[in-house]
Each structure stands twice: as C-alpha cells, then as structure tokens.
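Report on one structure; see the data block that follows.
Below, chain A is the first sequence line, B the second, and so on; all start at residue 1. The analysis underlying the following values was restricted to heavy atoms, covering all of them including side chains, and did not include hydrogens, waters or symmetry mates.
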2 protein chains.
Amino acid sequence: MKAHSPHSGPHQPAFRRQEPDARRLALIEACARVLARLGAAGASVRAIAVEAGVSPGLVSHYFSGIEALVAATYAHVEDKVNEAIDEAVNAAGQNPRARLDAFVMASFAPAIADPQLLATWIAFWSLVTARPAIAAQHDEQYSGSRARLEALLGDCGVPAERQRRDAIAVSALVDGLWLELCLSPGCFSAEEAGAIARRFLDTLI
Amino acid sequence: MKAHSPHSGPHQPAFRRQEPDARRLALIEACARVLARLGAAGASVRAIAVEAGVSPGLVSHYFSGIEALVAATYAHVEDKVNEAIDEAVNAAGQNPRARLDAFVMASFAPAIADPQLLATWIAFWSLVTARPAIAAQHDEQYSGSRARLEALLGDCGVPAERQRRDAIAVSALVDGLWLELCLSPGCFSAEEAGAIARRFLDTLI
DNA sequence: CCCGTTGTTGTACGATCGTCCAACAAGCAA
DNA sequence: TTGCTTGTTGGACGATCGTACAACAACGGG
C-alpha cells in the first residue's frame, strides 16, 4: 500500500528524525488543535499522535503521560496569549491608560475569546484540584499575569497599596467576561465586554 | 458471601424498588459526589453506580448517557446554589442594597466557593462547546441568574437601560472571583473577594 | 563505505470505558 | 396466596484507553 517500493528508485525516508525540543513543540501544538476540535474528552494519546503525524508511542516518549502533555500545552497556549496581549499593549503607544485599555481589550479579541481555546483551559482546570503540581503551575501563571496587571495599574497612578486588590478585581472581571463570551457567544458581544471593562477601569483610576 | 442465606431465616430483599423520580435524584446526587471526589475524569458510569449503591445498568436506564447525567447534575447543583443564594438574600432583610450585597457575598461562602463544587461546573463546561443542547441549557441557566441580578439592581435604583449591562458586569466579576477562589484558594480570601465585589457595586449605585 | 547512536515505529497488553439486554425479584393487585 | 408489572440486576460485548517494549531506521562520525 505504500506509495513507493522499497526495492526501486531513490529511498524515501519513512520518517524524519527531529530534535527533542522541536518534537516536543509539535506534540504540544497537536494537542492544542485536538483540544480545540474534540474538547477535553477527545484528547487521547492516539488522537494527538495522529494530529501530529507520529506514532502513539512517541507521546509517551516525550511526556510522562497525558496530564503532563496537557499541562505543557496549557503553559504554551498561555504564553502565546500573553505574547499577543503584550503586543497589543505595546502597539497602544506610551499613554499608560491606553496601554491598560489595550491589555483588557486584547482579551476579548476573536483569537483569544475563542470557544475552541477554552477547551485547553477546561482540560487544564480539570486537573488543578486533584494534582498539586498542576495547582502550583496554575498559581504561578496566575500570579505572573496579575503582576503585569499591577504594573500597568501602577503606571496609571494606582497607589501601591491598592494595586494587588485592583489587579485581582480587574483580572476577575476580565476572566469572567471572557469565560461567558466563550460559553455563550451570542449573549453579549466582545465590544460590550470591552466597554464594561473600560468603564470599570474608569472607577479605579 | 452474602450476609444472609437464601434458604434460612426471614427473606431480606436484595434491593428496594424506588419511584423513578427518587432514583433519578439519587443518581444525580451520587454523580455530584463522584465529580467532587474524583473530578470530571473519574465520573464513569460504574463509579457513579457504586456511589449510589446500585448496579451500573441502572444509570443507562434513567439517563440516555453520561452526558445527560452530567447535564442533569449541573442543573440540580445550580438549583441548590441558587436556593442558598436566595435564602441569603431573604435573610438580609428588605434593604435593597443589603439584599444585593447578600447575593454577592453568598457566592463566596465556603459551601459555594468550593473546589469540589467546581468539578461539576468543569465537567459541564467541557460539554458546552460540542453539544448544542448543553449550550442551550447553559444559556438558559445563565440568563435566569442574570435576570435575578437585574431585579436586585433595579431595586437599588439602577435605571432599566443600564440593568442588562451592569448585571453582565457583576455576574462576570463574581464568577471570575469565584473561579479563582476555587482554583487558587490560597491566593486571596473570600472576605477579600467580597470586599472587591461590594466596592464594585458602590460604583454602580 | 560501514557502524553506532538514538529518535521513531508499531504492536501487544491489561484495564476500563459506555452500552445493551435477558433474567430476576420486589411490591402491588386480585 | 397467586400472578403481573416493572424496577433492578449483573454480566457480556466491542471499542478505546494509557502504557510499555523490542525492533527498526535515519543520520552523523569513523
């Protein structure tokens, strides 16, 4: 059934070796695509291997198990989201308030407030309660995100003693709007969510 | 191995028949306990049947599948949460603002901001994207919750044209705080969450 | 050219999954 | 008591799961 005969013509490799880091990344991106397409329930070793174009055994070779792959995928997707947000913030110029607005509005952009992206979060959240290592990873990524928000708030003149509380508040409001935007896309629009968030920022600054 | 011999003494029934509604409820409550203990990944038909003290076949007899049982469990748990919130609201007396505060604070009570309770939401959310019927159920429960919030806001003097937007905002803030309270219980306290939410309400009224 | 390293394959394995259904028995009516 | 209704059992079934491992082959150094 193979497209080429092993006994005639130039030998076409059945697979290509890759550096461990490149293969790890390919598996992570395949996992993200499977989570987006099939949801948390469909993210099996075999489905991810097919998506990545490799054999099932390779997943076990690079990750201790499905949970580790999901955790790595969450970290990678969140990194990319933070990258997109930082890019939006920097594109907003130097006005502190404009940068803060950009931070908030970026969370509601179509590429981020995406139901398919939510699947990665849900798969990760489902592991937080039971696995202490996953909980620690969540704490770390959450406080990292909050720290960047505190800095933006500080630039807007929010006094230091209020930065922590206000960052928690803004983060919660944005996440709550983002979550509902993913779960019920027809209920309210991204523009509406942005207006709500901006209005809340007005009360803090 | 049975505790009694089928050939001696009074006959002890091997099981008791129950009315369909009672059995449905028992299975739903067993499903909620399994979700709390094992998370979404461990909520199998067999585990739920063991928890309910029935045979595995009974689950299929009352529900078309695991997904239907999870959806029914979500509806039931949300009903109980709404009941607890309504109770807190009514216990707050007649002052509209006190009732609104009670609504918000109840969401952060230990029984509701509970990581084990979050497992039910996560199991349900993981089905929203793929299953239109589940998405419709979520829309319905979300708008119901928002309608009660709109009424409370109206009692506090929020004009009608702002009720929808403010209810979306309060709901998002409370849900975001609740979610983070469940995922990272050590990051901030329920009192802090309540203070943040109350401060936000101050800006709306 | 050949050889060793090692990334990769493919499969076998046992466990567990959801579903199904014929047989059983609890409880009510007669 | 007897018979009927039907809630309930418990195992069979095929599919799919995660994991492990021996064999294979790509590729660089000799």
Side-chain angles (χ1 to χ4, degrees), chain A residues 1-7 10-27 30-31 34-35 38-73 123 126-127 130-131, chain B residues 1-2 4-7 10-28 30-31 34-35 38-73 123 126-127 130-131:
Chain A
M1 270 304 192
K2 292 191 176 178
H4 69 282
S5 162
H7 299 304
H11 183 60
Q12 176 179 333
F15 62 91
R16 275 186 296 180
R17 302 175 78 135
Q18 266 178 268
E19 293 185 359
D21 285 345
R23 196 61 99 176
R24 269 183 65 94
L25 184 60
L27 288 171
C31 180
V34 170
L35 281 170
L38 304 176
S44 68
V45 169
R46 284 171 177 82
I48 294 166
V50 168
E51 178 70 32
V54 300
S55 77
L58 206 59
V59 175
S60 298
H61 187 257
Y62 281 103
F63 296 92
S64 64
I66 276 284
E67 296 185 358
L69 176 52
V70 168
T73 301
S126 72
L127 304 174
R131 317 286 166 178
Chain B
M1 266 307 189
K2 292 192 177 178
H4 68 282
S5 163
H7 299 304
H11 183 60
Q12 175 178 333
F15 62 90
R16 275 185 295 179
R17 303 174 77 133
Q18 267 179 263
E19 292 185 0
D21 285 346
R23 198 60 102 175
R24 268 184 67 93
L25 183 61
L27 287 171
I28 284 171
C31 179
V34 170
L35 281 170
L38 304 176
S44 68
V45 169
R46 284 170 177 81
I48 294 166
V50 169
E51 177 70 31
V54 300
S55 77
L58 206 58
V59 174
S60 298
H61 187 256
Y62 281 104
F63 296 92
S64 65
I66 275 285
E67 296 185 357
L69 175 52
V70 168
T73 301
S126 72
L127 304 174
R131 317 285 166 179

Just how far, in rounded Å, is P of C/dT19 from CD1 of B/Ile66? 7 Å
Taking all heavy atoms of B/Ala30 and all of B/Ala52, pick out the closest pair and write down the distance. CB-CB, 3.6 Å
Do any of residues 41-50 of chain B sit with a heavy atom less than 4.0 Å from DNA chain C, and if so which? B/Ser44, B/Val45, B/Arg46
Would you sort out whether B/Ile48 and B/Ile66 count as a side chain to side chain contact (heavy atoms under 4.5 Å, CB included), showing the intermediate values? CA-CA 10 Å; B/Ile48 294 166; B/Ile66 275 285; 4.1 Å; yes
For A/Gln18, answer base if it contacts any base atom (sugar-phosphate contacts may also be present), sugar-phosphate if it contacts only those atoms, and nothing otherwise; contact means non-hydrogen atoms under 4.0 Å. sugar-phosphate
Nearest of C/dG7, C/dG10, D/dT8 to any side-chain atom of B/Arg23? D/dT8
Side chain to side chain contact (heavy atoms under 4.5 Å, CB included) between B/Val45 and B/Leu69, worked out: CA-CA 9 Å; B/Val45 169; B/Leu69 175 52; over 6 Å; no
Measure from CG on A/Leu25 to C1' on C/dG7 and round the result to the nearest Å. 17 Å
Give the minimum heavy-atom separation between A/Arg16 and A/Arg23, together with the two atoms involved. O-NH2, 3.0 Å
Side chain to side chain contact (heavy atoms under 4.5 Å, CB included) evaluation trace for B/Phe63 with B/Ile28: CA-CA 10 Å; B/Phe63 296 92; B/Ile28 284 171; 3.9 Å; yes
Any chance you could measure A/Leu35, atom CG, to A/Glu51, atom CD, to the nearest 0.5 Å? 10.5 Å
Candidates C/dT9, D/dT8, C/dT8 - which lies nearest the side chain of A/Val54: C/dT9
For a quick test of reading the model: is some side-chain N or O of B/Tyr62 closer than 4.0 Å to OP1 or OP2 of D/dT8? yes
How long is the line joining CD of A/Glu19 and P of C/dT6, in whole Å? 14 Å
Note: for B/Pro20 and B/Gly57 on DNA chain D, the residue whose nearest nucleotide lies more 5' is B/Pro20
Report the nucleotide, chosen from C/dG27, D/dT8, C/dT9, that has the shortest atom-to-atom distance to any side-chain atom of B/Phe15. D/dT8
Is the shortest heavy-atom distance from the side chain of A/Leu27 to the side chain of A/Val54 under 4.5 Å? yes
In whole Å, I'd like the distance from the CG atom of B/Leu69 to the P atom of C/dT19. 11 Å
B/Leu38 has an atom CG; how far is it from atom P of C/dC17, in whole Å? 10 Å
Minimum-distance pair of heavy atoms, taken over all atoms of B/Val34 and B/Ala47: CG2-O, 3.9 Å
Select base, sugar-phosphate, or nothing to describe what A/Phe63 touches, counting heavy atoms under 4.0 Å on all strands. nothing
Measure NE2/B/His61 against P/C/dC21 and give the value in whole Å, please. 13 Å
For the CZ atom of B/Arg24 and the CG atom of B/Leu58, what is their distance to the nearest 0.5 Å? 11.5 Å
Nucleotide C/dT19, atom P - distance to CG of B/Leu58 in whole Å: 14 Å
Looking at every non-hydrogen atom in both residues, tell me the closest pair between B/Ser126 and B/Ala123 and how far apart they are. OG-O, 2.8 Å
Dot-bracket, DNA chain C: Watson-Crick or G-U, under 3.5 angstrom, [ ] crossing, | other strand? ..||||||||||||||||||||||||||||
Just call it for A/Val59: base, sugar-phosphate, or nothing, with non-hydrogen atoms closer than 4.0 Å on any strand. nothing
Distance check needed: D/dT8 C1' versus B/Leu27 CG, whole Å only. 12 Å
